[in-house]
Amino acid sequence: MPAKLNTYHVIVDFGSGIPPDAQGRVLLNMERTLREAGVAAEVFKRTAPDDSKLRLRMTTEERKKL
(Lines give C-alpha, C1' and ligand atoms only; values in the text may rest on other atoms or scores of the structure.)
Protein backbone atom coordinates (compact mmCIF):
# COMPACT_ATOMS: atom_id res chain seq x y z
CA MET A 1 0.00 0.00 0.00
CA PRO A 2 1.39 3.43 -0.84
CA ALA A 3 2.82 5.51 2.00
CA LYS A 4 0.63 8.48 1.07
CA LEU A 5 -2.91 7.76 -0.11
CA ASN A 6 -4.81 10.10 -2.37
CA THR A 7 -8.03 11.72 -1.18
CA TYR A 8 -10.15 9.15 -2.97
CA HIS A 9 -9.20 5.79 -1.54
CA VAL A 10 -10.89 2.77 -0.02
CA ILE A 11 -9.21 0.25 2.28
CA VAL A 12 -10.98 -3.11 2.53
CA ASP A 13 -10.55 -5.60 5.36
CA PHE A 14 -11.72 -9.10 4.34
CA GLY A 15 -12.70 -11.73 6.86
CA SER A 16 -10.76 -14.99 6.86
CA GLY A 17 -13.63 -16.85 5.16
CA ILE A 18 -13.41 -14.81 1.94
CA PRO A 19 -11.19 -16.72 -0.54
CA PRO A 20 -8.26 -14.80 -2.07
CA ASP A 21 -9.52 -15.19 -5.65
CA ALA A 22 -12.85 -13.61 -4.67
CA GLN A 23 -11.04 -10.79 -2.84
CA GLY A 24 -9.19 -9.76 -5.99
CA ARG A 25 -12.39 -9.66 -8.04
CA VAL A 26 -14.18 -7.63 -5.37
CA LEU A 27 -11.36 -5.06 -5.19
CA LEU A 28 -11.31 -4.62 -8.95
CA ASN A 29 -15.09 -4.37 -9.17
CA MET A 30 -15.21 -1.77 -6.39
CA GLU A 31 -12.60 0.37 -8.13
CA ARG A 32 -14.35 0.02 -11.50
CA THR A 33 -17.72 0.96 -9.99
CA LEU A 34 -16.27 4.07 -8.35
CA ARG A 35 -14.51 5.16 -11.52
CA GLU A 36 -17.67 4.65 -13.57
CA ALA A 37 -19.37 6.98 -11.06
CA GLY A 38 -16.75 9.61 -11.82
CA VAL A 39 -14.63 9.07 -8.73
CA ALA A 40 -10.93 8.46 -9.46
CA ALA A 41 -10.64 6.15 -6.49
CA GLU A 42 -8.05 3.54 -5.63
CA VAL A 43 -9.08 0.44 -3.68
CA PHE A 44 -6.59 -1.40 -1.47
CA LYS A 45 -6.69 -4.50 0.68
CA ARG A 46 -5.68 -3.91 4.29
CA THR A 47 -2.49 -5.80 4.96
CA ALA A 48 -1.64 -7.54 8.19
CA PRO A 49 0.81 -5.72 10.44
CA ASP A 50 4.29 -7.16 10.83
CA ASP A 51 4.20 -9.15 14.07
CA SER A 52 7.77 -10.47 13.97
CA LYS A 53 9.25 -9.59 17.37
CA LEU A 54 12.75 -9.56 15.91
CA ARG A 55 11.87 -7.09 13.16
CA LEU A 56 9.84 -4.92 15.55
CA ARG A 57 12.96 -4.45 17.74
CA MET A 58 15.16 -3.47 14.79
CA THR A 59 16.15 0.11 14.12
CA THR A 60 15.37 1.76 10.79
CA GLU A 61 19.01 1.37 9.77
CA GLU A 62 19.00 -2.36 10.59
CA ARG A 63 15.83 -2.90 8.56
CA LYS A 64 17.30 -1.09 5.54
CA LYS A 65 20.20 -3.59 5.53
CA LEU A 66 17.85 -6.53 5.04
Side-chain angles (χ1 to χ4, degrees):
M1 194 168 341
K4 183 173 177 170
L5 297 172
N6 75 24
T7 305
Y8 301 102
H9 69 274
V10 177
I11 300 174
V12 180
D13 186 10
F14 290 100
S16 62
I18 309 297
D21 61 325
Q23 293 177 24
R25 289 192 308 271
V26 168
L27 293 170
L28 289 172
N29 284 330
M30 286 179 69
E31 190 166 299
R32 183 180 305 115
T33 300
L34 287 164
R35 289 179 183 229
E36 287 171 354
V39 180
E42 295 178 305
V43 179
F44 301 98
K45 177 180 171 183
R46 183 176 309 280
T47 57
D50 186 353
D51 61 354
S52 165
K53 291 183 174 110
L54 178 60
R55 279 192 299 274
L56 290 174
R57 288 191 303 247
M58 295 175 106
T59 65
T60 303
E61 292 78 25
E62 290 172 324
R63 291 188 96 171
K64 286 181 181 178
K65 291 179 185 177
L66 292 178

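- For Val43 against Glu31, the heavy-atom pair with the smallest separation is N-OE1, 3.0 Å.
- Summarising the local packing, CZ of Phe14 is surrounded by more than 12 heavy atoms from other residues, nucleotides or ligands at distances under 6.0 Å.
- The nearest pair of heavy atoms linking Val12 to Val10 is CG2-CG1, 4.0 Å.
- Between Gln23 and Ile18 the shortest heavy-atom distance is NE2-O, 2.7 Å.
- Rounding to the nearest 0.5 Å places CD1 of Ile11 at 13.5 Å from NZ of Lys45.
- Phe44 and Val39 are not part of a single hydrophobic cluster, where members link through side-chain heavy atoms under 4.5 Å apart.
- The backbone N or O of Ala41 lies less than 3.5 Å from a partner atom in the side chain of Arg35, making a donor-acceptor pair.
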